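Report on the structure given below.
What you see is a predicted model; the values in this text were computed from it and never measured. The chains referred to below are lettered A, B, ... by the order of the sequence lines, with proteins before strands, and numbering in each begins at 1.
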Amino acid sequence: MNVYIENIAAHEGQEVTIRGWLHNRRSSGKIHFLTVRDGTGFIQAVMSKAGVSPETFQQADHLSQETSLVLTGTARADSRAPGGFELDVKSLEVVAPAHEYPLTPKEHGVDYLMDRRHLWIRTERQHAVLRVRHEVVNAIRDFFNSRGFILADTPIFTPSACEGTTTLFPVQYFDDTTAYLTQSGQLYNEANAMALGRVYCFGPTFRAEKSKTRRHLTEFWMVEPEMAYATLDDVMTLGEELVSYVVGRALERRARELNVLQRDTAKLERVRPPFPRVSYDEAARILKDKGLPFEWGGDLGGTDETVLSEQFDRPVAVYGYPSAIKAFYMKPDPNRPDVSLSVDVLAPEGYGEIIGGGQRIDDYDLLLQRIKEHNLPQEAFEWYLDLRRYGSVPHAGFGMGVERVVSWICGLEHVRETIPYPRMLYRLYP
RNA sequence: UCCUCAGUAGCUCAAUGGCAGAGCAUCCGGCUGUUAACCGGAGGGUUGUAGGUUCGAGUCCUACCUGAGGAGCCA
């Protein structure tokens, strides 16, 4: 019977067949240990000279790493095995050989691994990261779907830049039109929210900044909820509940993977609502007290974010950024127009901003004024202004970057491991 | 775009300005409980590129190329 390794415990004592690849091999004169993976997990298969034909034993002596093979044998619980189970091999069928596999069991450099990303993802560590990513994505969908949000995806080709063209990837759109890859679905999200109430979009996002840090990809996945009749406060609550739910799901269903990654899960167990909420003013004061050269009016730098998040044991929401450093559509605080009804959520342990959002301008005249102030082409935003012409309501939303969340949950050094094929400044292959 | 660091065997790295080496991988041999197994043997090099200094350069100098980390910018 064909069995996946992750289900092996249900077949103890039975004869099962595992179809996979050879991950590693250790041999003695009369016994072979074959570590096999099948995508669902890893298991050590034991082949003793007495248990198989001489031809099979000889064949196993020459198997190279990543040879695809089919093994049949008896599943047996064994405390010496990392997964708790071993396979006593009765027969072996080689599907296809793998000569001179480039990734050895020893260390490799980042550049070498990135050039072979399509093979790197076969390792146990990358398996674990991608499985956590899968859980995070599913948890996000489940969270919104169970709360009445409608998935309404926004276009990836967009006609013009909503926040300036320098950070967008231009693409030729048929003969003589330039389109841009989206950097946010938010403007369309607002229209969708006016139609459907509570919506979210979830897809790839593109940023053409020549940024070179461990937190940056040029192509990443972002989930963006948007709610009609909602305020900054609603968004902060939604954000902390979303983050807490996603972390909880990873802890609950991907404990094995987090263990492979040697993640200190105690730090994740603390991620529960409510999150501390700190105004930009307070944040500026904290940073000054810590001796950082921070001036009111500027954006938080990487070091600022790290120092700030270290003051708390869970993610922290920083709200009320100066209007001048936020997007043109961010609603000013009615009591204090120099700050906006905006919020960023900073992950702990120096992982930085995972959520950015806030309440949008719902007043037609103010929005038009902002568009002009930012020298944006009004005609391109007529549809967006329509949302304020026809039954405008207070509304708010945010965007959450999937890779940064996965990177934080997994405790990784760099977001590039959180997506199968990362796109970066100098990385377009494979 | 700027700053810092790195580039030597297929991979990861050593080598005081003086014979270019080790581990892993590959191939051969040994070993019945290995956990990145271990033990013995073999093959494997235009030291990123181009110049320069020197009796002599992997090592020092200059430029360039490639990559990494960070800054700015961002999720």
Side-chain angles (χ1 to χ4, degrees), chain A residues 23-35 42-51 57 61-62 64-66 76 78-83 86 88 98-116 119 123-125 163-164 166-168 182-186 202 204-224 239 243 298-306 325-327 343-347 351-357 398-408 413-416 418-419 424-427:
Chain A
H23 185 64
N24 199 6
R25 177 174 58 87
R26 293 174 291 275
S27 293
S28 293
K30 291 171 182 164
I31 188 167
H32 297 308
F33 298 98
L34 311 173
T35 305
F42 293 77
I43 191 169
Q44 176 162 283
V46 184
M47 181 188 289
S48 65
K49 197 165 190 174
F57 194 82
D61 204 21
H62 295 278
S64 58
Q65 197 183 345
E66 290 302 319
R76 173 175 48 78
D78 193 312
S79 59
R80 291 170 292 189
E86 290 189 339
D88 286 326
H99 269 302
E100 308 255 349
Y101 188 66
L103 303 192
T104 70
K106 291 277 182 180
E107 288 178 48
H108 297 286
V110 170
D111 189 43
Y112 185 84
L113 288 169
M114 289 299 296
D115 279 339
R116 293 156 187 82
L119 303 176
T123 63
E124 188 172 27
R125 180 181 168 81
E163 296 166 43
T166 54
T167 61
L168 296 179
T182 180
Q183 64 175 352
S184 165
Q186 193 226 307
F202 195 174
T205 303
F206 306 88
R207 302 281 167 91
E209 292 128 356
K210 292 195 172 178
S211 184
K212 236 179 97 53
T213 76
R214 63 185 68 194
R215 296 184 301 277
H216 195 98
L217 298 171
T218 55
E219 175 184 321
F220 65 97
W221 282 66
M222 183 158 71
V223 61
E224 296 175 88
V243 170
D299 214 340
L300 269 56
T303 313
D304 301 324
E305 290 182 351
T306 302
I325 58 169
K326 283 293 176 182
V343 61
D344 285 355
V345 175
L346 309 180
Y351 280 92
E353 184 182 347
I354 51 173
I355 280 180
F398 63 79
M400 182 172 83
V402 168
E403 287 75 16
R404 286 192 184 171
V405 170
V406 174
S407 182
W408 161 49
E413 289 291 315
H414 200 299
V415 291
R416 65 188 158 210
T418 64
I419 187 166
M424 296 181 290
L425 183 50
Y426 299 118
R427 177 65 58 183

Is there a Watson-Crick or G-U wobble partner for [N] with both distances under 3.5 Å, and if so, which one is it?
N	answer
B/rC19	none
B/rU66	B/rA6
B/rA14	none
B/rU1	B/rA71
B/rU54	none
B/rG29	B/rC39
B/rG44	none

Take atom [atom1] in [N] and the same atom in [M], then report the distance between them in whole Å.
N	M	atom1	answer
B/rU59	B/rG17	P	11 Å
B/rG44	B/rG56	C1'	27 Å
B/rG58	B/rU49	C1'	15 Å
B/rC19	B/rA57	C1'	15 Å
B/rG48	B/rA9	P	8 Å
B/rU47	B/rA6	C1'	14 Å
B/rG69	B/rG45	P	32 Å
B/rC31	B/rG43	C1'	24 Å

One thing to verify: whether A/Lys326 and A/Asp299 come together as a salt bridge, which I'm taking to mean a side-chain N less than 4.0 angstrom from a carboxylate O. no

Integer-rounded Å distance: [N] [atom2] and [X] [atom1]:
X	N	atom1	atom2	value
A/Leu425	B/rA68	CG	P	9 Å
A/Asp344	B/rC74	CG	C1'	10 Å
A/Arg416	B/rC74	CZ	P	23 Å
A/Ile43	B/rU34	CD1	C1'	15 Å
A/Glu224	B/rC74	CD	C1'	13 Å
A/Leu113	B/rC11	CG	C1'	10 Å
A/Met114	B/rA6	CE	P	23 Å
A/Leu168	B/rA75	CG	P	12 Å

Please confirm whether the shortest side-chain N or O distance from [X] to OP1 or OP2 of [N] is below 4.0 Å.
X	N	value
A/Lys212	B/rA68	yes
A/His216	B/rG72	no
A/Arg215	B/rG72	no

Classify the nucleic acid contact of [X] as base, sugar-phosphate or nothing, counting any heavy atom under 4.0 Å across all strands shown.
X	result
A/Gly352	nothing
A/Arg125	nothing
A/His414	sugar-phosphate
A/Met400	nothing
A/Leu217	base
A/Ser48	nothing

[atom1] of [X] to [atom2] of [Y]: how many Å apart, nearest 0.5 Å?
X	Y	atom1	atom2	answer
A/Glu403	A/His216	CD	NE2	11.0 Å
A/Glu305	A/Leu300	CD	CG	6.0 Å
A/Arg427	A/Met114	CZ	CE	5.0 Å

Subject >> Polar side chain donor-acceptor pair, A/Arg207 to A/Thr205, under 3.5 angstrom >> reply: no

Out of [options], whichever nucleotide has its closest atom nearest the side chain of [X]:
X	options	result
A/Tyr112	B/rU12, B/rU32, B/rG67	B/rU12
A/Glu209	B/rC73, B/rC11, B/rA75	B/rC73
A/Asp111	B/rU26, B/rG33, B/rG67	B/rG67

For residues [X] and [Y], report the shortest heavy-atom separation together with the two atoms involved.
X	Y	value
A/Thr182	A/Pro204	CG2-O, 3.9 Å
A/His414	A/Thr213	NE2-O, 3.7 Å
A/Thr123	A/Phe42	C-CZ, 4.2 Å
A/His23	A/Gln65	O-CG, 3.3 Å

Comparing A/Val402 with A/Val110, nearest RNA chain B nucleotide closer to 5' gives the residue A/Val110

When A/Ser27 and A/His108 are each assigned the nearest nucleotide of RNA chain B, the 5'-most assignment goes to A/His108

Could you tell me whether the side chain of [X] has a donor or acceptor atom within less than 3.5 Å of a complementary atom in the base of [N]?
X	N	answer
A/Arg404	B/rC74	yes
A/Ser211	B/rG72	yes
A/Glu86	B/rG33	yes

Going by 5.5 Å between centroids and 30° between planes, is there a stack of A/Phe220 over B/rA75? yes

